[in-house]
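The residues of the chain are indexed from 1 along the displayed sequence.
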Amino acid sequence: MKPISLAVAVLVVVSLCSFQAQGDNELITKACSRTVYNHLCKAILQAAPNSNDADLYGLTKIALSIAAQNVSNIYQTIDKLQNDSSVDTFVDECLTDCLENYQDATDQIEDSVTALEFKAFNDVRTWVAAAMSDVATCDLGFKDKPGYQSPVHQMSAVFDQICSIVLTFNHCLIEGNVHLTS
C-alpha cells in the first residue's frame with residue numbers, strides 16, 4: 001500500500017469516527033507499543049474521547065467500537081459501489097459477495113462487543129478473527145480474475161490493522177496483564 005493511501009485511510013477512519021484530539025497517555029503509549037501498528041493505534045486512541053481515562057479494558061472497548069464504525073463504513077461504501085451502473089458483471093458479483101462478507105463481519109464485531117462486556121475474552125478473539133477472515137475473503141474474490149483488485153482493499157487493510165490492535169489488547173486481558181507490567 002502506498003504511504004499516502006495509508007495516511008488517507010487513517011485520516012478517514014479518524015474523521016469518520018468523529019473523534020476530537022486528546023493528549024498523550026502513558027497507558028496508550030504502552031499498550032500501542034505492544035501492537036504491530038503502533039502509530040495507527042496511538043492515532044486512533046489519542047483521538048478518541050475518554051481514552052485518557054481508560055484502563056486497558058476501556059482501550060480495548062474503544063478500539064472495538066472504532067472497528068465497528070470502520071466495518072460499517074466499508075459496508076456502506078461497497079453498497080454504493082454496487083449501485084453504480086458502470087461496474088462490470090464480475091465486479092458486481094464480487095461486490096455482492098463482499099456485502100455478505102461485510103454483513104457477517106459487522107455481526108461478528110457486534111458479537112465481540114457483547115463478549116467484551118461479559119469479559120469473555122476468548123470469544124472476543126474468536127469473533128474478531130472471524131470478522132478479519134470475512135474481510136479477507138472479500139478481497140480474495142477479486143483475485144479470481146487477473147487485473148482486478150477490491151475497490152475497498154485499502155479500507156479493508158485499515159480494518160484488519162484495527163482488529164489486530166484489538167486482538168493484541170485482548171491478549172493482554174486474557175493474560176491478566178491489564179497494567180502492561182511485563
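- Inter-residue side-chain proximity for Asp53 and Asn25 is flagged as unmet; no heavy-atom pair is nearer than 4.5 Å.
- Here the side chains of Gln82 and Val87 are not in contact, with every heavy-atom distance at 4.5 Å or above.
- Note: the hydrophobic cluster containing Ile165 also contains Val135 (ILVMFWY, side chain heavy atoms under 4.5 Å, direct or indirect links).
- Within the 3.5 Å criterion, the main-chain N or O of Phe121 finds a donor-acceptor partner in the side chain of Asn170.
- Side-chain contact between Phe142 and Val91: present, with at least one pair of heavy atoms (C-beta onward) separated by less than 4.5 Å.
- Atom CG in Leu173 sits 10.0 Å away from atom CD in Glu175 (nearest 0.5 Å).
- Ile28 and Val36 fall within a single hydrophobic cluster, where Ile, Leu, Val, Met, Phe, Trp and Tyr are joined by side-chain heavy atoms under 4.5 Å apart, directly or via other members.
- Once rounded to the nearest 0.5 Å, the distance linking CG of Asp160 with CE of Met155 reads 14.0 Å.
- In this structure, CG in Leu45 is found 6.5 Å from CD1 in Ile62, a value given to the nearest 0.5 Å.
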Apply side chain to side chain donor-acceptor pair (under 3.5 Å) to residues Ser33 and Asn38 and explain how you reach the verdict.
CA-CA 5 Å; Ser33 72; Asn38 185 26; 5.8 Å; no
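- Ile44 has its side chain within reach of Ile162: a pair of non-hydrogen atoms, C-beta onward, lies under 4.5 Å apart.
- With hydrogens and angles ignored, the 3.5 Å screen pairs no side-chain donor or acceptor of Ser72 with any backbone N or O of Ala68.
- Here the side chains of Ile74 and Asn70 are in contact, with some heavy-atom distance below 4.5 Å.
- Tracing side-chain contacts under 4.5 Å through hydrophobic residues (I, L, V, M, F, W, Y), one never reaches Leu140 starting from Val71; they form parts of separate clusters.
- Checked by atom type and distance alone, the side chain of Thr96 pairs as donor or acceptor with a backbone atom of Asp92 at under 3.5 Å.
- Taking every heavy atom of both residues into account, Cys41 and Phe169 meet most closely at SG-CZ, 3.6 Å.
- For Asp79 (side chain) and Tyr75 (main-chain N/O), no donor-acceptor pair under 3.5 Å exists by modelled atom type.
- Side-chain atoms of Asn73 and Gln76, non-hydrogen and from C-beta on, do get closer than 4.5 Å to each other.
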Could you please spell out the steps behind the disulfide (SG to SG under 2.5 Å) verdict for Cys94 and Cys138?
CA-CA 7 Å; Cys94 288; Cys138 169; over 6 Å; no
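- Once rounded to the nearest 0.5 Å, the distance linking OG of Ser150 with CG of Asp139 reads 4.5 Å.
- A continuous path of hydrophobic side-chain contacts links Leu116 to Val166 [ILVMFWY only; heavy atoms under 4.5 Å].
- Expressed to the nearest 0.5 Å, how far CG of Asp134 lies from CZ of Phe159 amounts to 9.0 Å.
- A cation-pi contact links Lys119 to Tyr57, judged by a cut-off of 6.0 Å to the six-membered ring centre and 45° from its axis.
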Solution key, residues 97-105 side-chain donor-acceptor pairs under 3.5 Å, sequence neighbours excluded:
from   : atom 1 : to     : atom 2 : distance (Å)
Tyr102 : OH     : Ser156 : OG     : 2.5
Gln103 : NE2    : Asp107 : OD1    : 3.0

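- Pairing each heavy atom of Asp88 with each of Phe90, the nearest pair is OD1-N, 3.1 Å.
- In this structure, a donor-acceptor pair under 3.5 Å is absent between the side chains of Gln46 and Ser51.
- Using a distance-only test at 3.5 Å, with no hydrogens or angles considered, a donor-acceptor pair links the side chain of Thr168 to the main chain of Ser164.
- Rounding to the nearest 0.5 Å gives a distance of 9.5 Å between NZ of Lys42 and OG1 of Thr35.
- Tracing side-chain contacts under 4.5 Å through hydrophobic residues (I, L, V, M, F, W, Y), one reaches Leu59 starting from Ile174; they form part of the same cluster.
- Considering only heavy atoms from C-beta on, Leu167 comes within 4.5 Å of Met132 through its side chain.
- Side-chain contact between Thr106 and Glu110: present, with at least one pair of heavy atoms (C-beta onward) separated by less than 4.5 Å.
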Go through it in stages, so that I can follow the logic: the residues are Val128 and Leu64, the test is side-chain contact (heavy atoms from CB on, under 4.5 Å), and I'd like the CA-CA distance, side-chain angles, deciding distance and then a yes or no.
CA-CA 9 Å; Val128 171; Leu64 204 46; 4.0 Å; yes
